[in-house]
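Computed from heavy atoms alone, side chains included, the values below leave out hydrogens, waters and symmetry copies. Below, chain A is the first sequence line, B the second, and so on; all start at residue 1.
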Amino acid sequence: MTYKKVRTRFAPSPTGFLHIGGARTALFNWLYTRRHEGTFVLRIEDTDQARSTEESTRAILDAMTWLGLNWDEGPYFQAERVNIHRVMVQKLIDEGKAYYCICTPEELEAKRKKALAEGRKPKYDGTCRNRGLARSPGSVVRFRCPEVGMTIVRDLIKGNISFNNEELDDLIIERADGYPTYNFAVVVDDAQMGITHVIRGDDHVNNTPKQIRIYEALGCETPLFGHVPMILGSDKARLSKRHGATSVMAYQEMGYLPEALVNYLVRLGWSHGDQEIFAMEEMIREFSLEAVGKSAAVFNPEKLLWLNQQYIMSYPGERLAEVVLPFWEKRGFDLSNRGYAAKAVSDLRTRAKTLVELADAGAFFFREEVDYDPEAAAKFLTPEYGGHLQVVAERIPAVEDYTKDGLEAFLRALAEERGTKLKWIAQALRVALTGKTVSPGIDEVMVTLGKERVIERIRLALARIGAGG
RNA sequence: GGUCCCAUCGUCUAGUGGUUAGGACGCUGGCCUCUCACGCCGGAAACCGGGGUUCAAGCCCCCGUGGGACUACCA
């Protein structure tokens, strides 16, 4: 056994945003690398000139950063490496391991259709394989795949997978435009970058035997492979936009914490006994490819929501306030008093599954004028409750122990004195202070709002009652 | 069609030949309670089917069935 230092890579193609599936692949690579104190390389596979964009590259990098998946090398751009790829293509041609092909896409498509219609396998028929053609305009380069024997993929997750070489195709490795195709570029780059472990989605398993043949043709050592199962939507089809948000950054906008998404993703396919919640350090310590399951997993938004709530509840107060602020800022609230905002966040944290929910639920803390819910006001801002409110407003200035416990005692005593139940005073107060019948504990709200705001809001509510509604 | 992969509650999963098949999300009954949450206690809910192997199979083998991936001058 060798003890070569682990080198992994995440190699997305910049044709869109980083999606949930890609994020999990990146996460598994990252965890495996950190676990083994290796090097995590980021490589952008942009050889498809028509579909690759710079915005996508930027978006992918941003999403990785947001998730906390830092890379040690790169990003490298595959398109900048075409000279290396061309040299390797030429090497294979010189050695007779690859050849020029002048079959046109139209011809190939026709042959493919015909083969399929006749129930034969639609692989390249080898027309140009032994013609000894030279490069010409429109020609491509094909890899000469062995026609007999077997290729075994030793997979760290799925075990050994064997393929008959006759199933393999003489795949194109260099397009007519001179750019390498994926299956070739990925091998050249992984080999040249010294990648020791290729961890990727299992939609690549059928490519792997071809790639192994290319490694061998190139005279390179093959890396170890680990094919992680796909993530499916609720209908068991491959996860896509139809199933809801699939872009990582959409989750940030919806008020998810990166730690929650990461924790959700790691449990999709991987487990460590019965444990559900993992700090990053724990994940790194416990992660192993042997513990990754072999079957595809259905993405479950409800569980992610629950995890997000767990993280909101346990996040350090200061950091939680920091990440909530932008959501309030968006509403144009005055957040200059950071201490006040922090207190509000702490009151709200057990009541929100997302930051957006939290920001919504806490809007009353910042609104200049209370936004009364019509039904709530109709029920509680009435002369019947006005009396209670009146007395609360009158007595608050004299409340010495203006704390959660002190206020609770104050309100309980008041309820008893007035021959009613705390709930009636609390609900009336809640509507007067927040405009709603749902809020954090009324004592907490009063503490956070502060005496002045509380009295002011009660007066406004009383004025509304006085005005007859 | 061919090749390859996969198969435990609705979902994520634990399980590695002998278990009342465990946990989590969701659902649900109750408790707590100033509302809503949080929290706590309880419940319903699964080994795809058929053959083997074995004293014994969710765990091993085979065959079905079902799902998925690939089958591009995309990655």
Integer angstrom distance from the [atom1] of [N] to that of [M]:
N: B:G15; M: B:A24; atom1: C1'; value: 15 Å
N: B:C47; M: B:A21; atom1: C1'; value: 8 Å
N: B:U20; M: B:U28; atom1: P; value: 32 Å
N: B:C62; M: B:C9; atom1: P; value: 22 Å
N: B:A14; M: B:U19; atom1: C1'; value: 12 Å
N: B:U65; M: B:G23; atom1: C1'; value: 30 Å
N: B:A46; M: B:G26; atom1: C1'; value: 15 Å
N: B:G17; M: B:U54; atom1: C1'; value: 9 Å

Separation of [N] [atom2] from [X] [atom1] (nearest whole Å):
X: A:E444; N: B:U33; atom1: CD; atom2: P; answer: 16 Å
X: A:K294; N: B:U13; atom1: NZ; atom2: P; answer: 14 Å
X: A:K423; N: B:C36; atom1: NZ; atom2: P; answer: 8 Å
X: A:I157; N: B:G68; atom1: CD1; atom2: P; answer: 21 Å

Ignoring backbone atoms, test whether [X] places a side-chain nitrogen or oxygen under 4.0 Å from the OP1 or OP2 oxygen of [N].
X: A:Q275; N: B:G23; result: no
X: A:R412; N: B:C34; result: yes
X: A:R142; N: B:A72; result: no
X: A:S439; N: B:C36; result: no
X: A:R349; N: B:C38; result: no
X: A:K236; N: B:U11; result: yes

Have a look at [X] and say if it touches a base, only the backbone sugar-phosphate, or nothing, with a 4.0 Å heavy-atom cut-off.
X: A:V298; answer: sugar-phosphate
X: A:G269; answer: sugar-phosphate
X: A:N207; answer: base
X: A:E167; answer: sugar-phosphate

Could you please name the partner base of [N], counting Watson-Crick and G-U wobble pairs only when both distances are under 3.5 Å?
N: B:C31; answer: B:G39
N: B:G1; answer: B:U71
N: B:A45; answer: none

A:W424, CH2 atom: more than 12 neighbouring heavy atoms under 6.0 Å: no

Using a strict 4.0 Å threshold on nitrogen-to-oxygen distance, state whether [X] and [Y] make a salt bridge.
X: A:R395; Y: A:E417; result: yes
X: A:D46; Y: A:R51; result: no
X: A:K111; Y: A:D125; result: yes

Check against side-chain contact (heavy atoms from CB on, under 4.5 Å), A:D443 and A:T403: CA-CA 8 Å; A:D443 41 24; A:T403 62; over 6 Å; no

Side chains of A:H227 and A:D203, donor plus acceptor under 3.5 Å: no

Candidates B:A24, B:G10, B:A7 - which lies nearest the side chain of A:N300: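 For the A:N300 side chain, the nearest candidate turns out to be B:G10.
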
B:C5 base / A:N206 side chain donor-acceptor hit below 3.5 Å: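 No, the side chain and the base share no sub-3.5 Å donor-acceptor pair.
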
hbond_proxy A:E118 side chain to B:G1 base (donor-acceptor, 3.5 Å cutoff): no

